[in-house]
There are 2 protein chains.
Amino acid sequence: MKTTESTFTIKQIADQTGVSTDTIRYYEKISLLPRADRKDNRHRIYRQKDIDMIWLITCLKKTGMSLEEMRPFLAVPTDSDPAQYPELVAKLKNHRENIVSQLASLQQIIDFIDMKLEEGRYRRNDLDNL
Amino acid sequence: MKTTESTFTIKQIADQTGVSTDTIRYYEKISLLPRADRKDNRHRIYRQKDIDMIWLITCLKKTGMSLEEMRPFLAVPTDSDPAQYPELVAKLKNHRENIVSQLASLQQIIDFIDMKLEEGRYRRNDLDNL
DNA sequence: TCTTGACATGGAGTTGACTCCAAGTTATAC
DNA sequence: GTATAACTTGGAGTCAACTCCATGTCAAGA
């Protein structure tokens with residue numbers, strides 16, 4: 001009872017994800033993305049899971065992860081049992097810690113911004129309170 | 001009743017902040033940091049506020065902000081009234097929004113990691129739940 | 001059939017952010 | 001007084017991550 005999954009062109013997923021077609025092809029070239037399926041005319045075709053993967057890349061990028069560092073994360077089959085990949089589990093845990101401490105830093109910056117924005121009466125050593 | 005503030009060498013603040021001396025000089029060269037005061041022997045001297053500023057740079061960098069983008073943030077005198085800088089207030093508000101949405105994305109990744117780590121029984125379409 | 005447009009490929013060029021280097025200065029240790 | 005170490009400067013080199021370009025293919029419309 002499998003419904004036919006809708007497919008997209010490279011331009012369409014570029015528009016959807018905000019990542020340029022050149023960049024998507026670049027990600028494929030460096031094997032960050034798997035080689036996309038092709039139509040008879042050699043044009044790439046994409047499915048929802050490809051969009052998810054590009055979204056994950058942009059999201060990890062925002063956390064300061066380099067393309068090289070995120071390779072192992074992208075290599076996990078999305079329907080797999082993580083217990084099968086102990087090294088990856090360690091990496092995930094480690095990056096989780098990085099993100100958590102980053103969250104704390106971000107929160108501090110937001111606090112600083114809020115203080116700057118909302119309280120003109122604090123005139124001294126705002127940065128000290130970071 | 002002003003106590004003499006302690007000063008540091010470039011090497012010392014490099015060690016304290018985890019930013020290399022070359023990078024600190026580079027930040028000064030591109031005027032991201034103000035020109036540091038010099039001793040008689042032309043060596044740079046730093047104070048606590050300089051360390052705070054470098055800390056702020058690394059923190060903003062982690063939020064995905066480029067060096068160029070953070071210039072206006074660094075230009076605020078730390079003892080100033082933000083109401084005097086309406087453009088900066090707008091930029092701060094805008095970046096605050098960016099960070100908040102980034103926090104949400106990070107939280108989603110953490111949820112994804114936790115799911116991967118803690119629940120081997122979810123075998124299908126984990127990414128769909130992002 | 002000819003043109004147009006969206007795609008393909010390989011490779012060169014660009015940009016931001018360092019990172020390294022050579023040559024010079026100054027203070028301290030021997 | 002000379003060697004060593006810690007700094008100075010200007011500028012060149014490196015690297016990741018694109019971004020652009022020339023050239024070519026293919027399908028559809030006039």
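Side-chain atoms are counted along with the backbone in the values below, which use heavy atoms only and exclude waters and symmetry mates.
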Close residues, residues 7-17 of chain A, relative to DNA chain C [heavy-atom separation under 4.0 Å]
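The answer is A:Thr9, A:Ile10, A:Lys11.
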
Which value, rounded to the nearest 0.5 Å, describes the distance between [X] atom [atom1] and [Y] atom [atom2]?
X: A:Leu56; Y: A:Thr58; atom1: CG; atom2: OG1; result: 8.0 Å
X: B:Gln48; Y: B:Gln16; atom1: CD; atom2: CD; result: 7.0 Å
X: B:Trp55; Y: B:Asp50; atom1: CH2; atom2: CG; result: 15.5 Å
X: A:Gln12; Y: A:Thr9; atom1: CD; atom2: OG1; result: 3.5 Å

Tell me: [atom1] of [X] to [atom2] of [N], nearest whole Å?
X: B:Leu32; N: C:dA17; atom1: CG; atom2: P; answer: 9 Å
X: B:Ile57; N: C:dC18; atom1: CD1; atom2: C1'; answer: 13 Å
X: A:Ile24; N: C:dC7; atom1: CD1; atom2: P; answer: 10 Å
X: A:Asn41; N: C:dA8; atom1: CG; atom2: P; answer: 8 Å
X: B:Glu69; N: C:dA17; atom1: CD; atom2: C1'; answer: 14 Å
X: B:Asp40; N: C:dT25; atom1: CG; atom2: C1'; answer: 14 Å
X: B:Leu60; N: C:dA17; atom1: CG; atom2: C1'; answer: 16 Å
X: B:Arg35; N: D:dT8; atom1: CZ; atom2: P; answer: 10 Å

Do any side-chain nitrogens or oxygens of B:Arg38 fall under 4.0 Å of OP1 or OP2 in C:dT25?
no

Less than 4.5 Å apart, any side-chain heavy atom of A:Tyr46 and any of A:Ile24?
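Counting from C-beta outward, A:Tyr46 and A:Ile24 do come under 4.5 Å.
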
Report yes if the side chains of A:Ile57 and A:Leu33 come closer than 4.5 Å at any heavy-atom pair, otherwise no.
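Yes, side chains in contact.
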
Answer with base, sugar-phosphate or nothing: what part of the nucleic acid does B:Arg25 contact at a heavy-atom distance below 4.0 Å?
base

Please answer whether the main-chain N or O of B:Val19 pairs with a side-chain N or O of B:Thr23 as donor and acceptor at a distance below 3.5 Å.
no

Test your reading of the model: is there a side-chain donor-acceptor pair from A:Arg44 to the backbone of A:Phe8, 3.5 Å cut-off?
no

Please enumerate all protein N or O atoms sitting under 3.5 Å from an N or O of nucleotides 15-25 of chain D, with distances to 0.1 Å.
from, atom 1, to, atom 2, distance (Å)
D:dA17, OP1, A:Leu67, N, 3.0
D:dC18, OP2, A:Tyr27, OH, 2.7
D:dC18, OP2, A:Lys61, NZ, 3.4
D:dC20, N4, A:Asp22, OD1, 3.4

Run the salt-bridge test on B:Arg38 and B:Glu28 with the 4.0 Å N-O cut-off and return the result as yes or no.
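Yes.
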
